[in-house]
Amino acid sequence: MSRDAGKLSLILLFTPFALWIALLIILPQLGIGYVSIREKVGINQYEYGFKNYIDFITEPVYRNTLLRTAWMSILVTALALVIGFPIAWYIAKIARERSRAALFLMCLIPLWVSDLVRAYGWIVLLRETGVISMTLVKWGIISQPVEMLYNDMTVIIGLVYTVILFMIVPLVSTLQGMDDALLEAGYNLGGSRLTVFRRIIVPYAMPGIVAGCIITFMLTAGSYLTPILLGGKNSSWFTEQIYNQFITRYNWESGSAFGVSLLIFTSFVVWAGLRLTGQSLATTVAKE
Amino acid sequence: ETLRLLTWGGYAPEDVIAAFEAEYPDIDVEVTLSNNEEMIAKLRATGGTGFDLAQPSHDRVYAAQVEYNIYKPLDLSKIDTDKMTPNLLEGVKANTTIEGEVYSVPHQWGTTGMMVNVAEAPDVKSWNDLCDAQYQGRTSMRLRRTILLATAFGMGKDPFALYSDPAAYQQMLDEVTEKLIECKSVIKTYWTGGDDLSALMLSGEVVASESWDSTAFKLYGENKDIQFVPPETGALAWIDTFTIPRGGEADDAAYKWINFVLRPEITKMMSASTGAIAAVPNGIELMPDDKREAISVAFDQSDLDNLKFFANIPPGIEDMEGLALERIKAAN
Amino acid sequence: MQGSAGLMWIYRGYVVAFFLYLVAPLVAAGVFAFNDSMFPSLPWNGFTWDWFFSPSEPKLGLFHDDRLLQGMGNSLYIGVIVAALSVAVGTCNAFLFVRKDFRFKSALYVLMVVPLVIPGVILGISILVLASTIAGLADQWFGVFLTSLRPGIPLVVMGQFSFLVTITSLVIIARLEKFDISLEEAALNLGASRARTLLTVTLPFLFPAMFSAFVVAFLVSFENFNTTLFLVGSDSPLTITMYDRMVKAGSTPVLNATSVVLMLGSGLLALLSIFVQWPKKSA
Amino acid sequence: MHDLSCQNVTKRFGTFTAVSDVSLDIPSGSFFSILGPSGCGKTTLMRMIAGFESPSEGDIKIKGESVVKLPPNKRNVKMVFQHLALFPMMTVGENIAYGLRCRREPRHEIGPKVARVLERVGLPGNEDKKIDQLSGGQKQRIAIARCMVLEPDVLLLDEPLGALDLKLREHMKIELKQLQHQFETTFLYITHDQSEALVMSDNVAVMNAGRFEQIGAPKALYDAPASGFVAGFVGDATVLEGKLGEVKGGQGRVILKGGGEVVGTVSDSAKSGDAVEVFLRPEALKLGAGAEGCTLSGTVDSLLFNGASSRILVRSDGQLIEVADPEQRAGATEGEAVNVSWTPERARIFSRRSGQ
Amino acid sequence: MHDLSCQNVTKRFGTFTAVSDVSLDIPSGSFFSILGPSGCGKTTLMRMIAGFESPSEGDIKIKGESVVKLPPNKRNVKMVFQHLALFPMMTVGENIAYGLRCRREPRHEIGPKVARVLERVGLPGNEDKKIDQLSGGQKQRIAIARCMVLEPDVLLLDEPLGALDLKLREHMKIELKQLQHQFETTFLYITHDQSEALVMSDNVAVMNAGRFEQIGAPKALYDAPASGFVAGFVGDATVLEGKLGEVKGGQGRVILKGGGEVVGTVSDSAKSGDAVEVFLRPEALKLGAGAEGCTLSGTVDSLLFNGASSRILVRSDGQLIEVADPEQRAGATEGEAVNVSWTPERARIFSRRSGQ
Ligand SMILES: Nc1ncnc2c1ncn2[C@@H]1O[C@H](COP(=O)(O)OP(=O)(O)OP(=O)(O)O)[C@@H](O)[C@H]1O
Ligand SMILES: Nc1ncnc2c1ncn2[C@@H]1O[C@H](COP(=O)(O)OP(=O)(O)OP(=O)(O)O)[C@@H](O)[C@H]1O
Ligand SMILES: NCCCCNCCCN
Ligand SMILES: [Mg+2]
Ligand SMILES: [Mg+2]
């Protein structure tokens, strides 16, 4: 292999990567960073400064919405982990070879339709005159139709639904890599179920858990339709604020500031999560 | 060539498009559904390109054009302005003339008021009734600027008069905000689209709501108890217009469309779909029968005289309103 | 450890309940496509195919609804382009990170993963802002309309591409890492040229991963909303068309019918991807 | 009393019987091996003893008490897994301490115990190493230490040398044997490598298709195999197929498939007329003519030098016969015509093995 | 003319020298092995011959012509890879046809050629099998067939038996040797398993840390190793460390580290006063007293039964000495006090190996 050919192919392979990262990821982020420090002082008149950020910090509505979004996202992430782990375990360790692929594929079902249709499906099921409420009335379990939409619980159910697949996939792939002999060794040396779970399974699955949590958290924090459509009157979500700034208030400057704030905030949460678990991006998310 | 319409849901029904394309076989109509805010946002993002004809409401053209320069002046000679209701035409022209150039002509008008299931809630008469505790969990509204204005009227204020005085306007907004936050526990949910509202009303989940008249007229056909009720303080009236984006590439087709949809036989089809009243002299008579009946049930002459036309929004007001809306949304 | 049989049944029950949870909203959304009513909700008025095949208003069926069909066409078009581009670049990235050594490799690798942890909304607005700024300057200074930098299909493609490449790269990298480099050496040793080796040995090995990356990218593109929302122009993809329809016009069960078609389509695609992967699994 | 005994243990998976009616008794402190080809049921038997499977029939006793009802974490048998199953996320010290912690031994006793067992396996002071910093042989020893620190009644080892390379394996064979001496614990060792089983064990059970074919000391298996399977599996042998003819005083005459007749000792219940196999160990063969029926003639096909284990391959009637030729002292040359001979006692005749 | 010759080939990776000044000449049609421990540079040397690396210094000639400038796909040396590298997405037939197709042989000739080579490796009619339907030994043969169909000048084999299990490996050793006979092609074989190298090869080069220590026929390496490394690596041996004392007529007296003196043959340039090692092959040792300086006394530590290769481990001054005891005929018992003796010619004295 000649050295020049190696150089040339390196350049050829590097170019698309560099263009992609530079033009579609880095420059646009710098772009909103730049726009976010422009202050509108009049029609088509701008100055530079941090007023947009100051507005963001001083207005409790925005702050609280961001905190609420983060808090609910963490909750959704935790729920997805708790609900998804047994499923991932089943797929990776209990199901037979053949049903494994089928089950795995079934986990992808939510991906088959858009967020919109999923939310739409939930609405059909959960609204006051929806399938569940009406069925319960019909069976005499409840006397009055109940409204199951427009509260945080529903938003959480819907969000967990949308993201749980991204929790299960990395979990399955790490758990599949685990030799059953490790578990058996754990029991053989005297461990109880709990000990084996706590000291062997969890540490082993940690990269998968962290990867799943990061992706789930990011998707939740960045979701738009599900909280809006299922949350109704009580659904304030930070992406909606960004949307409002951009679409209903044409205020790109503060919208960009919101965007940058969201990015900084979520990056912080991800960083903190990685720190706490002693993992890194490259060993978790990238590993799948 | 292609005519790219940026318009409201229902404003480009398939049968009208089919008729248009039959008459002008070389024109292809492509439709993007939108609303006032998104029309402006979209055109701002495209720098006025990407669409050939937009239909913002009359009060939303001026500020957007001054600030973002997204429209181009109309060539009135290409429009059959003589077919339009003169006072609507003049009103719109007055609202949308900048440096002597006219940017919009009227298309249809309608009102925003309340939709009420009169069998269940016969007493709903005023904007304030939407927040009446006796309808706990059975009313609705759209969390947009219209409801801010409506609530202000309901509180006995005239928001349009305060447009010129931002501080007073803010003061008014604060009161409105407070009232709507209180109201939150009464209403079932905020509706976001005509369909959403229809489902709520038809299923009986909601018995009274802020509504476009057109939506109410549609439901009247399904259930005669569901009627449009103009509030005591007057229904809010809007005129949706024709406006050509600055980067429009099919002006001739756009003018053809404008003239086409104002023809009497087309107006009828259009109104059947939109439920709104064409800006032509005998607009109401050109409505399909069921809609006409619904209108006559809803309005008497005094209601028509009491219409409150939206006034041009000066720049800056919308930011204040936006924040108010967000506060309401985020409140618990 | 052998669990007790009873526990095992509870566990199985849980798994079944979970999958019911997964299909429930889809079934709910799907069933009302066949309800003979103007509204996608109870009561059940009887079975109908109208929402698929009826040729005229008011129950304009999906297959006669030009705008939904147009939206579907746009989504397909965007999906295929985006998926093809992301697989192509993902493959390059895979070769770059698996086969090549260069400075700052591990930092750049992390950078490659980063788009996954940027919320889609932000990708959408940031690309919108950048592209608009450039187009705006071009307009202001030179008076040219750079339409491809204005909201529209090209921008949607860029927006979706920006994060899909990460996904396709990860999928293809995982496969390429399992590739035994001695297979390539064996081919060279048997007299094949580099190009032939790539075509007959390496790419066939990568193909299942490239295919499933394509399918995933296509599906994600098809259902993407958050990024696309800010970047659409007049040719909206299906999700946006449906959203507009739902929020701005009125959702009739035709939207349910559309969902049914989407589910069938995605289901078939998913099945196809198993068939592509299965026989070669042992490789 | 026996440390471990199995009585008529059977294990069925569905209709397939993986272990069939196996009984064994292992005396305290001895090194017992189970030797058999892949898939014969060795691991299944061991997993029943450890408690990961429960027997379909039969009983398993440890120190005289039946354990079939006990869950695996309550049995005092510890296991060294085929791929060792060291916990990759723990250090060496944590791995060894794991079992002690599960037992809730007081913390201050754990440290010294870990240190002591590490010393005994010859790796003192390695507590803080990561598992992947260890070489194959070191991992092996940690896996044993992890079990031995718990002072089990029986240590089970499932082909623990399988993953090691050749030289290391030779070395570890001897080391394992020494460790067993040192700990004086009962070892139950599984392998499909006959030399491992022979070299290390006090007793070996030869297993085939779920059953024990023979249990005995290594030399007994080698010198007096009870079946064709054992004769073929334990030690090298050239196998000649034929039909048993006349049998006289334990000696039989076999008409070979390839033609010719040979004489040997009938070692199982084969009867005149049965299809049989004659097993000839390389070291039982000599170049040069022998008694009638104890000679085959052929040509030297190749000389395989391997020090003390050198062989001559002699081709006779299309069959290759391995003849021991320690250090190539016989001086044969390739292509040369030779006779190969043996004494009738060292040619063993067994009924033909099924499936071969 | 030699099919393959290397002249002073050196390969450096950065500052590390993987192969250092290696020269070899392989006569046409012979079986040549390179034997050395892991990491000594065997694969690197082979990769240079195949063209995947280029030498830092020196020249490589195939059939007398230098090939260092030729890309790998232009060299007529074919290679059997360590893990075989059969193309999993192709059938057996396609795998074998691959090289012919690359050469653009006419289609109608490819089929028959593939069929013929399959027959020669004993797998006729298997063209349409998938690779993963083959057993380990069959894969092995397909990998060889895939190369041999191209009629290479030299066939390179990089530890091809490494992945096989024990019994199969024993079998394939003999089979490979037979195949080489049959194809009459030059084989260059790499291994770290001395028994493979000894059994199959006409000549063996023993490699250590990038250099050749000795090239010779198997028996020569075994009987007359040129260095301590070769003596230790080829064949088993007990090694006693000490200091060379008086040397007389090729025989030297070594003062052992553990105490005591022994006599042996000085086999390299070690001089009186040097640190040395004495190598004793197990089969050179006998129980019972011998001449003065040719006896060590100790106790029997263990008896390792392994048929013809049985050993007695004798512990003497803390050192374990392996004594051959074919079929355990010596009748020693554990714990017994014994003497171990040898003849001075069979105790080889070499300078101490570095790093040990
Ligand atoms: N859980 C199970 N279900 C069904 N069959 C099984 C199960 N476990 C093992 N078997 C079968 O039982 C037989 C014996 O398996 P086992 O693992 O005990 O063999 P082994 O002697 O340990 O082989 P190896 O030397 O290859 O490890 C095999 O045929 C295997 O396929
Ligand atoms: N591309 C390379 N860059 C740097 N060092 C290398 C490279 N290839 C091999 N080496 C080093 O060269 C030495 C020899 O490696 P080589 O693979 O030739 O050993 P080997 O004798 O084949 O060993 P084994 O028996 O384990 O296969 C090793 O120390 C290895 O780490
Ligand atoms: N604030 C102005 C509202 C304009 C509404 N146009 C409605 C069209 C509804 N189909
Ligand atoms: Mg086993
Ligand atoms: Mg190597």
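Model, not experiment: these values are computed from the prediction. Proteins come first, then strands; the chains are lettered A, B, ... in the order of their sequence lines, and each starts at number 1.
By number of non-hydrogen pairs under 4.5 angstrom with chain A, the leading residue of C:L264, C:V23, C:N256 is C:N256. Your options are C:F102, C:Y21, C:F19, C:F95, and the one with the most heavy-atom pairs under 4.5 Å with chain A is C:Y21. Of the listed residues (C:Y243, C:Y11, C:F97), the one with the most heavy-atom contacts under 4.5 Å to chain A is C:Y11. Contact count against chain C (heavy-atom pairs under 4.5 Å) is highest for A:L225 among A:L262, A:L23, A:L225, A:I242. Counting heavy-atom pairs closer than 4.5 Å to chain C, the top-ranked of the candidates A:L229, A:I157, A:L19 is A:I157. For the set C:V110, C:L219, C:T91, C:I118, the count of heavy-atom pairs under 4.5 angstrom toward chain A peaks at C:I118. Contact tally against chain C (heavy-atom pairs below 4.5 Å) for A:V270, A:T239, A:V260, A:L263: the top residue is A:L263. For the set C:M263, C:E177, C:R99, the count of heavy-atom pairs under 4.5 angstrom toward chain A peaks at C:M263. Per-residue counts of heavy-atom pairs under 4.5 Å with chain A were compared for C:T133, C:I125, C:V216; the largest is that of C:I125. The choice from A:I164, A:V35, A:D180 that makes the most heavy-atom pairs within less than 4.5 Å of chain C is A:I164. Of the listed residues (A:P28, A:A18, A:S114, A:G259), the one with the most heavy-atom contacts under 4.5 Å to chain C is A:P28. Chain C forms more heavy-atom pairs under 4.5 Å with one residue of A:L105, A:I109, A:D115 than with any other, namely A:L105.
Aromatic ring centres of A:W89 and C:F18 lie farther apart than the 6.0 Å criterion allows.
Counting heavy atoms from C-beta on, the side chains of A:S256 and C:V129 come closer than 4.5 Å. Put simply, the side chain of C:M242 reaches to within 4.5 Å of the side chain of A:V117, judged on heavy atoms. The side-chain heavy atoms of A:F17 and C:S169, taken from C-beta on, include no pair separated by under 4.5 Å. A 4.5 Å side-chain heavy-atom check between C:L111 and A:I26 finds at least one atom pair inside the cut-off. Contact annotation: the side chain of A:L13 never approaches that of C:N93 to less than 4.5 Å [non-hydrogen atoms, C-beta and beyond]. In this structure, A:F14 and C:L108 have side chains that are in contact, with non-hydrogen atoms separated by less than 4.5 Å. In this structure, A:L24 and C:I127 have side chains that are in contact, with non-hydrogen atoms separated by less than 4.5 Å.
One finds the CZ atom of C:R245 at 12.0 Å from the CG atom of A:L116 (value rounded to the nearest 0.5 Å). In this structure, OG1 in C:T166 is found 6.5 Å from CD1 in A:I21, a value given to the nearest 0.5 Å. Atom-to-atom distance recorded for A:R118:CZ and C:L22:CG is 10.5 Å, nearest 0.5 angstrom. How far CG of C:L116 is from CG of A:L219: 8.5 Å, rounded to the nearest 0.5 Å.
Residue C:N224 does not touch chain A at all, counting heavy-atom pairs closer than 4.5 Å. With a 4.5 angstrom heavy-atom cutoff, A:W122 touches chain C via backbone and side-chain atoms both. Heavy atoms of C:A88 lying under 4.5 Å from chain A are absent altogether. Interface residue A:L27: backbone and side-chain heavy atoms are both found under 4.5 Å from chain C. If you measure heavy-atom distances from C:L229 to chain A, the contacts under 4.5 Å come from the side chain alone. In this structure, the portion of A:V124 lying under 4.5 Å from any heavy atom of chain C is its side chain and not its backbone. At a 4.5 Å heavy-atom cutoff, A:Y34 makes no contact with chain C through either its backbone or its side chain. Only the side chain of A:I168 comes within contact range of chain C, with heavy atoms under 4.5 Å apart. Contacts between A:V269 and chain C at a heavy-atom distance below 4.5 Å are absent for every atom of the residue. Only the side chain of C:S132 has a heavy atom closer than 4.5 Å to any heavy atom of chain A.
Within the 3.5 Å criterion, the main-chain N or O of C:V165 finds no donor-acceptor partner in the side chain of A:W20. In this structure, C:Y14 contributes its side chain and A:I83 its backbone to a donor-acceptor pair below 3.5 Å.
Across all their heavy atoms, A:I32 and C:S126 have their closest contact at CG2-CA, 3.5 Å.
Among pairs with a residue in residues 155-169 of chain C, none fulfils salt bridge (Lys or Arg N to Asp or Glu O under 4.0 Å), at least two apart in sequence or across chains. Legend: salt bridge (Lys or Arg N to Asp or Glu O under 4.0 Å) pairs involving residues 117-132 of chain C, not counting sequence neighbours: none detected.
Below 30°, between 30° and 60°, or above 60°: for C:F225 and A:Y224 the angle between ring planes is below 30°, a parallel geometry.
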